[in-house]
Chemist: 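Have a look at the structure that comes next, please.
Protein chains get the first letters and strands the later ones, always in sequence-line order, with residue 1 at the start of each. In this text, all values refer to a predicted model and were calculated from it rather than measured experimentally.
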Protein chains: 2
Amino acid sequence: MPQSDQTETDAADRFNQARAAQSVALLEDYAEMIGDLMEEMGEARITDIARRMGVTHPTATKAVARLKREGLAISRPYRGVFLTEAGLALADRVRARHRVVVAVLEALGVPAETAELDAEGMEHHVSEVTLAAFERFLIARG
Amino acid sequence: MPQSDQTETDAADRFNQARAAQSVALLEDYAEMIGDLMEEMGEARITDIARRMGVTHPTATKAVARLKREGLAISRPYRGVFLTEAGLALADRVRARHRVVVAVLEALGVPAETAELDAEGMEHHVSEVTLAAFERFLIARG
DNA sequence: TCAAAAGTGTAGCCCTGGCTTTATTTGGCC
DNA sequence: GGCCAAATAAAGCCAGGGCTACACTTTTGA
Ligand SMILES: [Mn+2]
Ligand SMILES: [Mn+2]
Ligand SMILES: [Mn+2]
Ligand SMILES: [Mn+2]
């Protein structure tokens with residue numbers, strides 16, 4: 001394989017991975033947040049989800065519909081939303097990863113509020129391998 | 001402002017920033033890549049753009065249409081695509097940021113190929129403040 | 001108790017960013 | 001010079017993720 005072909009497939013692979021990560025980003029954020037609300041309030045109401053996500057309630061309803069379709073949440077009409085086992089597992093993984101990303105940013109000298117803001121988008125593109133490296137870095141650093 | 005209200009607006013702000021960053025991510029990646037192709041080949045053809053992005057050529061055509069609409073590129077029918085001054089400036093900023101993000105990941109112990117893959121998505125969520133911190137970190141580290 | 005407020009559902013609109021299919025143009029080559 | 005392959009354009013489909021407007025249900029409190 002000539003070098004220029006290699007350059008092209010490598011680039012395409014990168015963009016494909018980024019697109020794949022983006023396509024689950026919304027599910028991850030909703031799962032994490034619904035988990036938070038269940039913890040805090042016992043249930044997650046559409047209105048509360050929408051307010052925290054900064055969207056209108058029909059938008060939150062659509063996202064929850066997708067979560068249900070993917071087996072991550074359940075709900076009955078006019079009742080709260082609840083995560084399934086799979087949803088809870090996802091929420092936990094996402095929450096842990098979020099904290100690691102914020103911690104790494106802060107360790108690198110990023111102000112706390114900025115770290116929180118940037119981590120919200122960056123986290124979804126942090127692969128398992130990178131997450132492991134982040135954790136090693138945080139431990140080594142003490 | 002009660003603490004719970006604060007929690008909610010903070011979260012909404014985070015998600016809004018992440019959405020805003022995502023909405024320009026595509027422009028950034030195309031600008032960077034068209035800049036690369038102009039450098040390598042003298043012009044950027046739709047077919048080459050599409051192959052490198054890992055999409056079909058109608059998809060690339062649509063993206064280029066958006067770049068033109070935003071004043072970042074120009075092109076005439078059946079001719080190559082070229083960046084405007086604004087497009088070139090964007091491409092340069094994006095390319096520099098991309099390199100910094102990759103360098104930081106590698107400095108944290110992430111393998112080179114993984115760093116390239118993850119950086120492609122993460123870079124778009126790295127704010128100016130965070131980028132500055134990254135650069136200081138890289139310099140301090142030598 | 002029951003009316004008003006709050007919450008939820010649903011329909012339908014828009015834009016983005018993928019895709020396939022079909023038409024048109026260009027460019028290389030005999 | 002003309003033909004054929006490659007490139008480009010154009011049209012139209014789909015899903016995702018935002019929105020508004022409107023209908024319906026549930027909860028609250030006087
Ligand atoms: Mn997030
Ligand atoms: Mn998060
Ligand atoms: Mn990118
Ligand atoms: Mn990039």
Side-chain angles (χ1 to χ4, degrees), chain A residues 5 8 11-31 33-34 37 41-70 72-82 120-121 124, chain B residues 5 8 11-31 33-34 37 41-70 72-82 120-121 124:
Chain A
D5 290 22
E8 280 164 2
D13 286 349
R14 286 204 315 273
F15 293 117
N16 278 317
Q17 168 166 316
R19 281 189 288 264
Q22 197 55 43
S23 84
V24 294
L26 198 87
L27 293 176
E28 293 180 341
D29 283 332
Y30 273 85
M33 158 154 306
I34 291 171
L37 288 168
M41 326 271 208
E43 71 174 350
R45 300 187 314 161
I46 287 287
T47 295
D48 296 330
I49 297 170
R51 182 168 41 238
R52 284 214 189 175
M53 292 297 303
V55 298
T56 59
H57 78 265
T59 296
T61 300
K62 262 196 197 177
V64 168
R66 191 173 160 214
L67 285 172
K68 292 167 73 172
R69 217 186 318 140
E70 311 255 353
L72 297 169
I74 52 173
S75 75
R76 296 198 332 276
Y78 294 98
R79 292 287 166 251
V81 178
F82 301 89
E120 197 59 75
H124 308 283
Chain B
D5 289 23
E8 280 164 1
D13 286 349
R14 286 205 314 272
F15 294 117
N16 279 317
Q17 168 166 316
R19 281 190 287 266
Q22 198 55 43
S23 84
V24 294
L26 198 88
L27 293 176
E28 293 180 340
D29 283 331
Y30 272 86
M33 156 153 309
I34 291 172
L37 288 168
M41 324 270 206
E43 71 174 349
R45 299 188 315 159
I46 286 288
T47 295
D48 296 331
I49 296 170
R51 183 168 40 238
R52 284 213 187 175
M53 292 298 302
V55 298
T56 59
H57 59 83
T59 297
T61 299
K62 264 196 195 177
V64 168
R66 192 174 158 213
L67 284 172
K68 291 167 73 172
R69 215 185 322 139
E70 310 256 351
L72 297 169
I74 52 173
S75 76
R76 295 197 333 276
Y78 294 99
R79 293 286 168 254
V81 178
F82 301 88
E120 197 59 76
H124 308 284

Chemist: Taking only side-chain N and O atoms of B:R66, does any of them lie within less than 4.0 angstrom of OP1 or OP2 on C:dG17?
Modeler: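 For B:R66, the contact criterion (side-chain N or O under 4.0 Å from OP1 or OP2 of C:dG17) is met.
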Chemist: If you check every side-chain atom of B:T47, which of D:dA7, D:dA11, C:dG18 has the closest atom?
Modeler: D:dA7
Chemist: Measure from the side chain of B:V55, starting at C-beta and using heavy atoms only, and say which of D:dA7, C:dG9, C:dG18 lies closest.
Modeler: C:dG18
Chemist: Ignoring hydrogens and angles, tell me if any N or O in the side chain of A:D48 forms a donor-acceptor pair with the backbone of A:A44 under 3.5 Å.
Modeler: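 A pair under 3.5 Å: no.
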Chemist: Could you work out which one of D:dT8, C:dG17, D:dG17 sits closest to the side chain of B:L26?
Modeler: C:dG17
Chemist: How far does CG of B:D29 sit from CZ of B:R52, to the nearest 0.5 angstrom?
Modeler: 13.5 Å
Chemist: Reading DNA chain D from 5' onward, which residue's closest nucleotide shows up sooner: A:Y30 or A:Y78?
Modeler: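 The residue whose closest nucleotide sits nearer the 5' end is A:Y30.
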Chemist: Determine whether any donor atom in the side chain of A:K62 lies under 3.5 Å from an acceptor atom in the base of D:dG18, or the reverse, and answer yes or no.
Modeler: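 Side chain to base: pair found, below 3.5 Å.
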Chemist: Measure the shortest side-chain to side-chain distance between A:L67 and A:I34 over non-hydrogen atoms and say whether it is less than 4.5 angstrom.
Modeler: yes
Chemist: Among D:dA10, D:dT20, D:dT8, which is the nearest nucleotide to the side chain of B:I46?
Modeler: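 Closest of the options to the side chain of B:I46: D:dT8.
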Chemist: Check this for me: does the side-chain of A:H57 come within 3.5 Å of the base of C:dG7 through a donor and an acceptor?
Modeler: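 Under the 3.5 Å cut-off, the side chain and the base do not form any donor-acceptor pair.
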Chemist: Could you tell me how far apart A:Q22 (CD) and D:dG17 (C1') are, to the nearest whole angstrom?
Modeler: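 Checked: the CD to C1' distance equals 11 Å.
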Chemist: To the closest 0.5 Å, what do you measure between OG (B:S75) and CD (B:E43)?
Modeler: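 B:S75 OG to B:E43 CD: 11.0 Å, rounded to 0.5 Å.
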Chemist: Whether A:T56 contacts D:dC19 is assessed here as follows: a side-chain N or O lying under 4.0 Å from the phosphate OP1 or OP2. Is that the case?
Modeler: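 Checking D:dC19 against A:T56, a side-chain N or O does come within under 4.0 Å of OP1 or OP2.
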Chemist: Checking contacts here: which listed nucleotide (C:dT20, D:dA9, C:dG27) is nearest the side-chain heavy atoms of B:R79?
Modeler: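 Shortest atom-to-atom distance from the side chain points to C:dG27.
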Chemist: A:T59 side chain: which of C:dG9, D:dG18, C:dT21 is closest?
Modeler: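 Comparing C:dG9, D:dG18, C:dT21 against the side chain of A:T59, the answer is D:dG18.
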Chemist: Would you indicate what B:P77 reaches in the nucleic acid, counting non-hydrogen atoms under 4.0 angstrom: base, sugar-phosphate, or nothing?
Modeler: sugar-phosphate
Chemist: Please pick, from C:dT10, D:dC24, C:dT16, the nucleotide with the shortest atom-to-atom distance to any side-chain atom of B:R69.
Modeler: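 In terms of side-chain proximity for B:R69, the closest of C:dT10, D:dC24, C:dT16 is C:dT16.
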Chemist: Nearest 0.5 Å, please: how far is OG in A:S23 from CD in A:E28?
Modeler: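 Atom-to-atom, A:E28:CD and A:S23:OG are 9.0 Å apart.
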